[in-house]
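Input: a single structure, listed below in structure tokens.
In what follows, chains are A, B, ... by sequence order, proteins preceding strands, each numbered from 1.
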Amino acid sequence: MTRNMYRTHDCNSLRKSDIGKQVALAGWVNVTRDHGGVIFIDLRDREGLTQIVFRPEENAQLAKQAHTLRSEDVIQVSGKVAARLPGTENPNLGTGDIEIIPSELKILNRADDLPFPIDAEPHNEDLRMTHRYYDLRRPRFARNLRLRHAVAKATRDYLDSQGFVEVETPILSKSTPEGARDFLVPSRITPGKFYALPQAPQQYKQLLMVAGVERYFQIAKCFRDEDLRADRQPEFTQIDIEASFVTPDNIFAVTEGMLAAIFRATRNIEIKIPFDRVTYREAVDRYGSDKPDRRFEMELVDLGEIFRESGFKVFRSALESGGVVKAINAKRFAGITIGQADELTEIAKLYGAKGLAFIKIENGEWKSPIVKFFSETEKEALQSKLKIEEGDCVFFGADKWEIACEVLGRLRLRIAEMQKFTPVAEIWDFLWVTDFPLFEWSSEENKWNAMHHPFTRPKAEDMPLFSEKKFPEVRAEAYDVVLNGVEIGGGSMRIYEPELQDKMFETLGISPENRQTQFGHLLRALHLGAPPHGGIALGLDRLVMLIAGEQSIRDVIAFPKNNRSVDMMSSSPAEVDPRQLRDLGIRLASNKRDA
RNA sequence: GGAGUCUUAGCUCAAUUGGUUAGAGCGCCGCCCUGUCACGGCGGAGGUUGCGGGUUCGAGCCCCGUAGACUCCGCCA
């Protein structure tokens, strides 16, 4: 590929051993260093940099031309590889021992004044996104795109080796009432009807199991019309996997093997498998999160026994009304500033606490307005249970279990940030979170919703609870895979019995008529010999983001959208020609400009 | 739907308590410079301080509104 009329080598391939060769290179002018006489050009292509030297005494015509070069001009250079003058080698460059003495310079294209410097980190993200094709020239993004490719390739290679078949499923599919808001696509041929873009290939992959594919995967684009975050895009990519006649252990093993293959291929790292497993209950209890970041300690400690009979009414009454008292010990955080304390209090309130009590241990003294309510026995018990030492800062949560855990879990993460927790070495802490609740109560809709999705099966041992309609206690055969506190995937064993699926729909408040219109195909499929099956889907964008060490999935997507779902570069979404709407039988309800 | 932060030259930022002609570095243009690698030196151009309104003798700065960006909450089965 590199040898053609434009070039014989890439810009990171010439070494000492090539000295004397006649070569051609092509690329972008990374930087010019024009000394009036001698001119240095760093030529850049996707592989690296090579220095070109123009000397007026050798070729005045070329030097004159080179003098006009500016950053990001596209040029082609032919010439001879030469050793750099002794003492002027650049050890920071792979090609630092050599330079090119050109005999020919072709200016293929000139660049205008640049929207931002390519070597600095512009903070203005909309400017970057507007000129994304230019932004992507920066080595960091060239690296990220190639990393993403390597992850996808390792995924395909591994799953292929395990007998999985990649099957494409429709992008134009059907809207379903459960889950996220759908993107809709109007049908021209059937006016008034709409396709929906898939939120995930969930139903199709289950139908492929009924079809006897047995082991399916797909690197699938998914679409959800919800508000965005740094780690959420309206369209994103999943590594989607499903298999028949399997148990969760089989899915865990294939996922672990695949992730191991990915880390081997991209980072040459052997990750530790199998991953630890914790139940949802334990994760929330100990870390205040269903996606625990275990790279640092600061676990939630239950203080129920200590304060059951306490004279401190706030704690005692929380326990008496069925709640919990829990705490985290932030080591060496007694120096907390007023601003930090205020922020943590805000966080506590945001997640439902009435306030935030904390104790600073400074100069051997426990500093807090609540300490005076504690007995000596309580203080001693606290000290030993939380391993309190000089310089620590202890934060309390007294509330319903869910609220106390979530509040302390959020504080735990924020405090770790405030303490500038940075792991000494790269840590890849994978774990499985299992036994999620099957249902969650929606106070907004006043009904039970599926926590994962409506096709998730209850755990076999919880079937009786399901029959007894003890819905909050029913656990699902569902699991998430978590990496460094980020949920990178989740899945479940599916319901394959039509009767059980009907019972599930019934619990979710989906009427028999709606079941038929919305899920009829799936229900019929379950009646035609559906095998037991289950699977998982991993967020490719998030996974690549973590491997790349990026903070946002936008940095590992070639053309992402901003947090209002706008592509700043192409200005989409955009208005369309009225004739297009007429063809679709669509009339806009209102024209914003009239407002 | 809600909260917070931000918006000054092409880019990154500054401008004291509301007070002179809104500055600096990079980039750009011109001149000089023959071994640099973020080359260097001298000079120059470049601004409706996001937009609209208000308070004031006077607003980049204070107030109200509005637009946009980013982060978060809700939402994301």
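- Within the shown strands, B:G4 is the pairing partner of B:C70 under the Watson-Crick or G-U definition, both distances less than 3.5 Å.
- On a pure distance criterion of 3.5 Å, a polar donor-acceptor pair joins the side chain of A:N90 and the base of B:C37.
- For A:R84 against B:C37, a side-chain-to-base donor-acceptor contact under 3.5 Å is present.
- Straight-line distance from the CG atom of A:L127 to the P atom of B:A9: 12 Å, rounded to whole Å.
- Base pairing of B:U16 is not made with any nucleotide, judged by Watson-Crick or G-U wobble geometry with both donor-acceptor distances under 3.5 Å.
- Using a 5.5 Å limit on the distance between ring centres and a 30° limit on the angle between planes, the aromatic ring of A:H35 does not count as stacked on the six-membered base ring of B:U36.
- For B:U36, the OP1/OP2 oxygens have no side-chain nitrogen or oxygen of A:R33 closer than 4.0 Å.
- If you measure from atom CZ of A:R564 to atom P of B:G1, you get 11 Å, rounded to the nearest angstrom.
- Summarising the base pairing, B:G52 is matched to B:C64 through a Watson-Crick or G-U wobble pair whose two defining distances lie under 3.5 Å.
- A:R554 has a side-chain polar atom (N or O) that falls below the 4.0 Å cut-off from OP1 or OP2 of B:C70.
- Residue side chain A:D227 reaches the base of B:G74 through a donor-acceptor N/O pair under 3.5 Å, judged by distance alone.
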Q: Report the C-alpha distance between A:Q202 and A:Q206 in whole Å, list the side-chain angles of each, state the deciding distance to 0.1 Å, and finish with yes or no for side chain to side chain donor-acceptor pair (under 3.5 Å).
A: CA-CA 6 Å; A:Q202 181 60 35; A:Q206 291 191 233; 2.8 Å; yes
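- Note on A:E89: a base of the nucleic acid sits closer than 4.0 angstrom, heavy atoms only.
- Counting to the nearest Å, the P atom of B:G1 and the CG atom of A:L228 are 15 Å from each other.
- Side-chain N/O atoms of A:R70 and base N/O atoms of B:G27 include no donor-acceptor pair closer than 3.5 Å.
- The interatomic distance linking A:I52 (CD1) with B:U36 (P) rounds to 18 Å, in whole Å.
- The ring-ring contact (aromatic ring centres under 6.0 Å, His included) test applied to A:H453 returns A:F455, not counting sequence neighbours.
- Contact annotation: side chain of A:R224 to base of B:C76, donor-acceptor pair absent below 3.5 Å.
- Going from atom CZ of A:R181 over to atom C1' of B:G74 covers 11 Å, rounded to whole Å.
- Within the 4.0 angstrom heavy-atom criterion, base atoms lie near A:P454.
- Base pairing of B:C39: no nucleotide in any strand meets the Watson-Crick or G-U wobble criterion (both distances under 3.5 Å).
- Rounded to whole angstrom, the span from the CG atom of A:L114 across to the P atom of B:C28 amounts to 8 Å.
- A salt bridge links A:E235 with A:K221: at least one charged nitrogen is closer than 4.0 Å to a carboxylate oxygen.
- A:D73 places its CG atom 10 Å from the P atom of B:C28, with the value rounded to the nearest Å.
- The salt bridge (charged side-chain N to carboxylate O under 4.0 Å, His left out) analysis of residues 61-75 of chain A, with sequence neighbours excluded, yields the pairs A:R44-A:E72, A:E72-A:R137, A:D73-A:R110.
- Atoms CZ (A:F40) and C1' (B:C37) sit 8 Å apart, rounded to a whole Å.
- In the interface, the side chain of A:R414 is not paired with the base of B:C72 through any donor and acceptor atom under 3.5 Å apart.
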